[in-house]
Every structure is written in structure tokens, then in C-alpha cells.
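The structure under discussion appears below in the form of C-alpha cells.
Just so it is clear, the structure is predicted and the values come from calculations on it, not from any experiment. Numbers here are sequence positions counted from 1.
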Amino acid sequence: MKMGEMSSFQLGVMGALFLSVASSVSIVICNKALMSNLGFPFATTLTSWHLMVTYCTLFVAQRLNMFENKPIEMTTVVLFGLLNGVSIGFLNLSLGFNSVGFYQMTKLAIIPFTVLLETIFLKKQFSQKIKFSLFLLLVGVGIASVTDLQLNFVGTMLSLLAIITTCVGQILTNTIQKKLNVSSTQLLYKSAPFQAAILFVTGPFVDEYLTSKHVFQHKYDPIVVGFIILSCIIAVSVNFSTFLVIGKTSPVTYQVLGHLKTCLVLGFGYTLLHDPFTERNIIGIFIAVCGMGLYSYFCTQETKRKQSGDLLLGSQIKDKDGAQLLGVKIMVHQDKDSHEVKKSPKDSLV
């Protein structure tokens, strides 16, 4: 990769990270107002509406030739879409059956489980420095966000299923984009209908079980409808940036970014919504930010080291090819001289 291409790639990564953070924090604040203040608790069904709006937006964009509709094997798309939809359902059920503290622990467990899966199945290596920074991050977020831990068998099983499906789904998001050479937009466009379908079918039942209310019997006043529309619009950026970040970086980096969002949401909650904020929150966020900073620094150093190695290897190959070409030219020149020497006596006789 040339220096100009590398700078463009890094700029794209920074843009994706910024879009992901900004859109995710915005949708959390919007949904918190919708669910807590306006009494609309139907999270799973709302997510299906998010994905429907995302697909419709991408459909229009594709019709306007804003991106290419690249064919992907239908079995891959269906299974991938259903897996991501199921993971969202399990996460919502985990929150319903567990305490908030145990749910936060479930989200924290996604990073080490992702590292484990990538190490075992993809043979990916994580340095001790990266592992230490991730550990520091998880400790900080745990201190800041985990309060009560109440265990029960059903909730624990649901959390385990949520962790497995989320990790596998995010690893596949990265792997499919790279193996099939498709963009984040193309993959989201193909898989969004299947994610939306499974959540739209199961969402009302999940929400009714968790809230004892039916989503289609809820009273929809103009304010609630306005916030739902706003949430769906923001969700387009959230879904797009999620696939973009995982495709350009890695599932682990996306999870690290997710915990940055958690810290920002805690801060915004205190500032804008006057949520309670303690010394424990401040200490936890400080430790987490230190872990994120170290993770970013170590990743940058390893990337630079890898780029230097690739450039050195490329230079060595180029030098080797040049030497071989030079050797061929010398041999051709020597053969030509030899041929002329052999030919010269004959020429003198004439």
C-alpha cells in the first residue's frame, strides 16, 4: 500500500470511528428519552423498524447508483442476517432477565470472547501490550457501569447465547467483507432485510413478554411518533457505521469503541439528563479512557511496524528482481559480444 493510499485509508478509518461514536451516542440519548420519558419500551420492535428504514435508504441510494449492487451468495446473506437479528434479540432478552449490572458484564465479556475466537479459529495474534490495554479498559468500564450483579440460570444462558452470537456475527462482518471483497454498504444492503424480518416477526412477542404490553396497542401521540422517526433516521448512520468500522478495523476495535460510547453516554447522561454521577463513575471512566488510549497507541505502533516490514520486504523483492534483470542483461550483452568475436574472422576473410 502506497503512502497516499495509506493516508486515505487512515482518514477513512477516522471518519468511520467518528460517525460511529456520534451516531451511537445520539441514538442512545434519543431512545432513552423515548423509552424512559415517553414510555415506549418496545426495544426489539423498534430495532426492526431501524433496519427497515436502513434498507429502504440503501435501496434508494442503490437506485441512484451511489454504490454497486454486488451479488453475494444467498445462503451466506440469509444466515448472516438471521444471526445478527438473533443476537440483537438475545441481548434484549438478556437485559430483561438479568439485572442491569449483569447485562453490562455480558457486554464486557464480548471483547475477551472475541479475542479467544479469533485466536483459535482465525489464528490471529494479540500482543501482551494489547491484552493489557484491553484488560485496563474492561476494568474501567466495569467500575463505571456495573453496579448490582444478580444471577439466575435463564438469564445466564441468554447472556451466554448473546455473547456467542454477537461475537460470531461481528467476526463474520469483518471476514465476509474481506474474503468476498464487498463493501460495508453492499453487505448491509444485502443482509438488512433478513435482520429486519426476524426482528419484526419475533420483536412484538419478545417486547410483550418483557414489558407485558403490546407494541401495536400503544398510544402513538405526535411526540412519540416524532422521536421514533428521529431514532430511525439516526439508526441509518448507526447501522452503516457499524459495518464500516468492523470492515475497516476489527471486531475487537469496534467493541473498544463501544465502551468509549458507554463512557460518553454516562457523561452526557449526567450533563444533559441529570443522571446520578459518583466518584466511582469518574474513576472508572478515567481508567477506561487510559485503557482506550493505550489500545489506540499500541495498535498504531504495531500497524506502523507492519507497514515498515511490508515496505522493507517490497524493497528487497524489488532489489532482487532488479538484480536478476541486470544479470540477464549482462548475460545477453556477453553473448552478443561473444557472437561478434566469433563472427569477426569470417568478416575479415571477406
Side-chain angles (χ1 to χ4, degrees), residues 10 13-14 16-25 28 87 91 94-95 98 100-120 122 124-149 159-160 162-164 166-171 173-174 238 241-242 244-270 275 277-305:
Q10 290 174 344
V13 171
M14 292 301 294
L17 295 175
F18 176 79
L19 179 63
S20 180
V21 171
S23 58
S24 295
V25 172
V28 166
S87 71
L91 280 169
S94 173
L95 178 58
N98 294 305
V100 175
F102 191 81
Y103 174 72
Q104 290 294 340
M105 287 297 294
T106 299
K107 292 174 70 176
L108 291 177
I110 291 173
I111 283 184
F113 198 81
T114 302
V115 170
L116 179 65
L117 287 180
E118 290 195 309
T119 302
I120 294 174
L122 301 181
K124 188 173 181 179
Q125 299 296 320
F126 294 87
S127 66
Q128 293 300 322
K129 291 179 179 179
I130 293 290
K131 291 177 182 177
F132 171 74
S133 64
L134 291 174
F135 173 75
L136 198 64
L137 163 67
L138 295 176
V139 169
V141 176
I143 292 172
S145 62
V146 177
T147 51
D148 57 324
L149 285 175
S159 292
L160 184 61
I163 292 168
I164 294 171
T166 300
C167 291
V168 174
Q170 290 180 358
I171 290 172
T173 301
N174 179 272
V238 173
S241 62
T242 296
L244 190 62
V245 169
I246 295 175
K248 284 186 173 293
T249 57
S250 70
V252 173
T253 298
Y254 175 73
Q255 285 299 322
V256 171
L257 192 68
H259 292 306
L260 170 61
K261 299 170 195 172
T262 300
C263 295
L264 290 174
V265 167
L266 288 172
F268 279 117
Y270 172 73
D275 290 342
F277 210 65
T278 64
E279 290 181 358
R280 174 176 172 171
N281 296 130
I282 297 172
I283 294 171
I285 289 175
F286 177 76
I287 295 173
V289 169
C290 289
M292 290 175 210
L294 288 174
Y295 177 80
S296 177
Y297 175 76
F298 292 145
C299 283
T300 302
Q301 293 300 309
E302 290 188 5
T303 301
K304 287 181 178 178
R305 199 177 302 120

Could you report the tightest heavy-atom contact between Gln170 and Pro251, atom names first, then the distance? O-CG, 3.5 Å

Test item: Ser20 side-chain N/O and Ala16 main-chain N/O as donor-acceptor pair under 3.5 Å: no

Ignoring hydrogens and geometry, is there a side-chain-to-backbone donor-acceptor pair from Ser24 to Val21 under 3.5 Å? no

Please find the pair of heavy atoms, one from Cys167 and one from Leu117, that lie closest to each other, and give the distance. CB-CD1, 3.8 Å

Tell me whether Asn174 contacts the main-chain N or O of Ile171 through its side chain, where contact means a donor paired with an acceptor under 3.5 Å. no

Looking at Lys129, I want to see if its NZ is surrounded by more than 12 non-hydrogen atoms of other residues, nucleotides or ligands under 6.0 Å. no

Any non-hydrogen side-chain atom of Glu118 less than 4.5 Å from a side-chain atom of Val252? yes

Pairwise distance CD(Gln301) to OG(Ser127) - rounded to 0.5 angstrom: 11.0 Å

Minimum side-chain heavy-atom gap Val139-Phe135 below 4.5 Å: yes

To the closest 0.5 Å, what do you measure between OG (Ser133) and CZ (Phe126)? 10.5 Å

Does any part of the side chain of Val141, heavy atoms only, come nearer than 4.5 Å to the side chain of Lys107, both counted from C-beta? no

Approximate separation, where rounding is to 0.5 Å, of Ile110 CD1 and His259 NE2: 7.0 Å

Rounded to the nearest 0.5 Å, what's the gap from CD1 on Ile285 to CG on Leu260? Could you check? 10.5 Å

Tell me yes or no: between the side chains of Thr106 and Asn98, is some donor less than 3.5 Å from an acceptor? no

Less than 3.5 Å apart, which donor and acceptor atoms pair up between the side chains of residues 287-300 and the rest of the protein, not counting sequence neighbours?
residue	atom	partner	partner atom	Å
Tyr295	OH	Thr253	OG1	2.8
Thr300	OG1	Ser296	O	2.7

Gap separating the CG atom of Leu138 from the CD1 atom of Ile111, nearest 0.5 angstrom: 5.0 Å

Quick check: do Thr173 and Thr242 have side-chain heavy atoms less than 4.5 Å from each other? no

Can you find a heavy atom in the side chain of Glu302 that is under 4.5 Å from one in the side chain of Ile130? yes

Euclidean distance, Leu91 CG relative to Thr166 OG1, rounded to 0.5 Å: 4.0 Å

